[in-house]
There are 4 protein chains.
Amino acid sequence: MAQPETRPESRDERRTPTSREQQAEQRRNQLIDIALDLFSEKGVDGATIKEIAAQADVAQGLVYHYFDSKEALLLAVIERHGPFAPLRVLLAQAFSQPIHEGLHTLAHGVYRIMSERKKLLRIVLHEAMLRPEMRQILLGVRAQLMTTVGAYLDTRIAQGELRSHNTEVTMHTLAVTIGSLVLAGFPPDPFLDDLVDTLLNGISAVPTHGVQPDDTQTKTNA
Amino acid sequence: MAQPETRPESRDERRTPTSREQQAEQRRNQLIDIALDLFSEKGVDGATIKEIAAQADVAQGLVYHYFDSKEALLLAVIERHGPFAPLRVLLAQAFSQPIHEGLHTLAHGVYRIMSERKKLLRIVLHEAMLRPEMRQILLGVRAQLMTTVGAYLDTRIAQGELRSHNTEVTMHTLAVTIGSLVLAGFPPDPFLDDLVDTLLNGISAVPTHGVQPDDTQTKTNA
Amino acid sequence: MAQPETRPESRDERRTPTSREQQAEQRRNQLIDIALDLFSEKGVDGATIKEIAAQADVAQGLVYHYFDSKEALLLAVIERHGPFAPLRVLLAQAFSQPIHEGLHTLAHGVYRIMSERKKLLRIVLHEAMLRPEMRQILLGVRAQLMTTVGAYLDTRIAQGELRSHNTEVTMHTLAVTIGSLVLAGFPPDPFLDDLVDTLLNGISAVPTHGVQPDDTQTKTNA
Amino acid sequence: MAQPETRPESRDERRTPTSREQQAEQRRNQLIDIALDLFSEKGVDGATIKEIAAQADVAQGLVYHYFDSKEALLLAVIERHGPFAPLRVLLAQAFSQPIHEGLHTLAHGVYRIMSERKKLLRIVLHEAMLRPEMRQILLGVRAQLMTTVGAYLDTRIAQGELRSHNTEVTMHTLAVTIGSLVLAGFPPDPFLDDLVDTLLNGISAVPTHGVQPDDTQTKTNA
DNA sequence: AATGAATGAGCCTTCATTCAT
DNA sequence: TATGAATGAAGGCTCATTCAT
């Protein structure tokens with residue numbers, strides 16, 4: 001939740017907004033937040049402009065004063081509730097820690113960020129299955145994570161903290177699993193720590209690594 | 001339960017079906033399969049009965065001769081394309097193998113089963129976000145997997161092949177990650193082997209473990 | 001209820017019907033009787049051929065083997081359950097009685113006949129509001145009653161049993177009121193006797209008739 | 001309750017309605033009145049929203065802007081054209097007259113009120129045969145009449161104007177018969193006066209009457 | 001900024017009827 | 001006689017969107 005109170009872009013404007021402008025901004029945000037709720041509960045198609053307007057206690061037409069179309073409203077929802085900023089903060093924090101600690105920080109942080117945006121997450125995932133554009137948004141986030149976290153893991157491999165492995169797999173697994181936990185409503189503990197632990201140490205009892213079992217493994221990563 | 005059966009002719013009932021019954025069954029399956037396609041492409045709500053009928057080249061009304069409602073058609077799709085039978089076969093096969101082999105068999109098998117049912121997977125996941133009943137179906141499959149695979153892993157822990165750990169985490173991670181690969185259209189190789197390898201052996205380079213069974217836990221996190 | 005068991009017209013045919021013909025006749029009557037029920041419960045439009053067939057446990061198409069259309073089925077219902085015969089019997093009986101007795105006999109007889117055909121009555125009245133043809137049927141019955149009963153009353157006027165009055169009013173009032181009782185589910189007693197009494201003697205206290213205020217009431221009837 | 005009010009302009013609310021509100025009310029009433037016509041001609045089920053909209057020269061969807069459903073439209077029709085207010089006026093008027101005059105006033109008044117609402121009458125009677133809720137409406141009106149008119153008649157009995165009798169029978173007979181006349185399209189004269197006369201004085205010739213009230217009676221019948 | 005009347009396309013569903021088997 | 005697959009025409013209702021006020 002802990003959501004932006006004003007539109008992120010309009011943050012620090014020079015000119016003091018008139019009360020009329022303030023009202024408009026509030027109304028706009030109100031509509032966006034109602035849309036967030038309804039879109040996530042019923043899907044974008046399932047939610048109706050009529051209902052959004054009704055919950056804001058305004059006429060249907062007013063929604064179209066602020067947004068050109070339902071589609072535009074959806075984009076506004078995504079923009080306003082996007083996870084990019086907090087994600088950047090988290091990554092910076094986690095990357096400064098030793099790997100065994102950083103991975104836990106990362107997991108819990110991602111869980112928190114996703115939890116706070118659970119509604120948005122549902123919307124985007126849901127729509128991504130139908131609309132290629134939404135799929136792009138998702139892939140974009142994935143790519144960003146992959147790049148930054150990938151670099152992080154590669155560093156640690158270089159430093160000998162991690163063995164050489166397919167970091168994409170690790171990253172993808174982590175992200176997807178956490179997402180599933182959030183969506184399913186599972187609490188973070190003890191799942192997250194166990195997950196990170198498994199990723200770090202595996203579940204095999206055998207003396208292990210160097211990893212003999214079958215050296216199918218492979219690839220140093222892409 | 002029921003599997004595609006490729007063609008209705010392959011049924012071995014006592015009574016030989018009349019050609020009319022055969023035709024009816026074919027029509028029914030045809031409608032189901034068209035629905036599978038359209039539901040997965042556009043979502044259940046996005047797909048229209050009209051379009052389904054059109055693709056089958058029949059009148060709209062005929063769809064309602066075979067199915068009471070769109071909802072009933074959806075259930076028929078799920079029943080016809082459900083993964084239960086092949087899943088049982090796979091589990092039996094995997095469980096007879098040593099763990100390092102069995103887990104790979106399992107992963108590839110699950111990937112294959114999901115791939116073959118990618119459309120159904122999309123439908124169910126998509127609908128599960130809106131309809132609690134669909135969510136139940138999903139949770140049902142998860143529970144079944146958890147039970148059987150959990151038993152499998154527990155056996156291996158008892159036999160000392162695996163260290164004592166939260167098997168639910170392993171299972172969930174495996175299933176969810178594979179599902180995401182299928183949906184995202186990623187090929188199984190080399191992702192799957194790397195994933196299993198990571199789960200078995202971890203990514204940590206540290207000499208480490210034996211990783212004594214339980215002091216694993218941890219938390220250092222934020 | 002007490003309904004015809006075979007089609008009234010086909011009563012006494014010379015040739016013994018084959019079992020095939022008997023079966024057909026039974027089926028036909030079964031369909032008619034089911035239609036009677038459903039038409040009266042849900043209206044002709046509200047009842048569906050599908051449901052009629054289902055209650056007879058036959059295929060929809062079979063209904064069209066026996067009746068050309070829903071309309072034809074409706075006519076068959078009316079024909080099979082028509083009140084003409086018993087009405088003739090009743091009138092003959094009532095007319096041979098002195099007026100004070102005959103009018104009670106008539107009222108109770110009409111009540112009984114209508115009661116036994118309550119379903120048909122509902123159907124015809126209901127449809128008469130929409131379809132002119134049905135209205136004709138109704139007006140036909142009314143005309144027949146008016147003629148016969150009118151003649152009866154006129155005779156009694158001529159004989160000095162009744163005062164000269166508008167017999168059409170009396171007849172209409174009697175018929176319509178009884179019909180309303182039947183449809184509303186009111187029992188015949190004591191309403192019918194009171195009604196006939198009122199028609200015969202009025203409600204005015206003024207000098208009046210033989211008829212002392214209160215020993216007026218009730219039954220002499222059959 | 002609410003009566004046609006002929007035109008919305010005649011409302012005396014505090015706030016002057018804006019022209020848009022006036023237009024909306026007109027449209028609403030227009031739709032109701034068209035529905036009244038069509039419902040009575042073809043039955044509620046037989047009439048289509050499409051046709052109602054077409055006659056108002058508006059889009060189908062607009063009907064649903066004013067009424068939640070066809071059912072709601074039906075209720076609006078009943079409310080707008082209900083007979084309660086004029087019925088109250090009539091009863092007050094009739095009850096202040098001596099019985100022989102009052103009963104004629106009542107009969108003609110009821111005939112007039114029903115005639116003015118012939119369409120509504122047809123609708124309600126028609127629907128009452130299928131829908132229990134409509135039956136309730138009918139029974140409600142009947143109960144109200146029974147109470148008020150019953151009290152009226154009882155008073156007159158107490159005052160010696162009428163003999164003691166079953167007033168429910170008289171009332172029911174009067175109401176039902178008048179209703180049938182209206183529906184059948186029969187003119188009020190001379191039927192109504194003859195009817196009231198018969199109820200008051202009966203048709204029996206026996207010693208009897210001055211039958212003075214007014215010797216309107218007439219006809220020996222057709 | 002705000003209203004809400006109005007549109008028009010489309011959707012799910014129902015049903016009487018036909019016809020090959 | 002009997003079946004039931006198939007048709008085609010509606011029908012009630014919803015909804016995103018527009019626009020005059």
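Given the structure is predicted, the values throughout are model-derived calculations rather than measurements. Reminder, nothing fancy here: chain letters follow the sequence lines and each chain counts from 1.
- Comparing C/Val58 and B/Gln23 by the nucleotide of DNA chain F whose heavy atom lies nearest to each, the residue mapping closer to the 5' end is C/Val58.
- As rounded to whole Å, 16 Å separates atom C1' of E/dG4 from atom CD of D/Gln22.
- We find that B/Lys42 and B/Glu51 are joined by a salt bridge, their nearest charged nitrogen and carboxylate oxygen being less than 4.0 Å apart.
- When rounded to the nearest whole Å, the span between CG of A/Asp45 and P of E/dA9 equals 20 Å.
- A donor-acceptor contact under 3.5 angstrom links the side chains of B/Arg27 and B/Gln30, judged on distance only.
- For D/Lys50 and F/dG11, the shortest distance from a side-chain N or O to OP1 or OP2 is not below 4.0 Å.
- One can place CG of B/Leu31 at 12 Å from C1' of F/dA5, the figure rounded to the nearest angstrom.
- Other residues, nucleotides and ligands contribute only 12 or fewer heavy atoms inside 6.0 Å of the CG atom of B/Asp68.
- Salt bridge status for C/Arg28 with C/Glu21: absent, with no side-chain N to carboxylate O gap under 4.0 Å.
- The CD atom of D/Glu51 sits 14 Å away from the C1' atom of F/dG12 (whole-angstrom rounding).
- C/Ala53 comes within 4.0 angstrom of nothing in the nucleic acid, heavy atoms only.
- Using a 4.0 Å heavy-atom criterion, one finds that D/Ala72 contacts no nucleic acid atom at all.
- Counting any heavy atom pair closer than 4.0 Å across all strands shown, B/Ala56 reaches no nucleic acid atom.
- Expressed to the nearest 0.5 Å, how far CD1 of A/Ile49 lies from CD1 of A/Ile52 amounts to 4.5 Å.
- OP1 or OP2 of E/dA2 has at least one side-chain nitrogen or oxygen of A/Arg27 nearer than 4.0 Å.
- Atom P of nucleotide F/dA16 and atom CD1 of A/Ile52 are separated by 8 Å, given to the nearest angstrom.
- Across residues 60-69 of chain A, A/Gly61, A/Leu62, A/His65, A/Tyr66 each have a non-hydrogen atom less than 4.0 Å from an atom of DNA chain E (numbered order).
- Protein atom CD1 of C/Ile49 is 15 Å distant from nucleotide atom P of F/dT3, rounded to whole Å.
- Rounded to an integer number of Å, the gap from CD of D/Glu25 to P of E/dA5 is 12 Å.
- Between B/Arg122 and B/Glu41 there is no salt bridge, since none of the side-chain N atoms of the basic residue sits less than 4.0 Å from a carboxylate O of the acidic one.
- In this structure, CG of D/Asp57 is placed 14 Å from C1' of E/dG8, rounded to the nearest angstrom.
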Secondary structure of DNA chain F per the Watson-Crick/G-U criterion (both distances under 3.5 Å; [ ] crossing, | other strand, . unpaired) is .||||||||||||||||||||
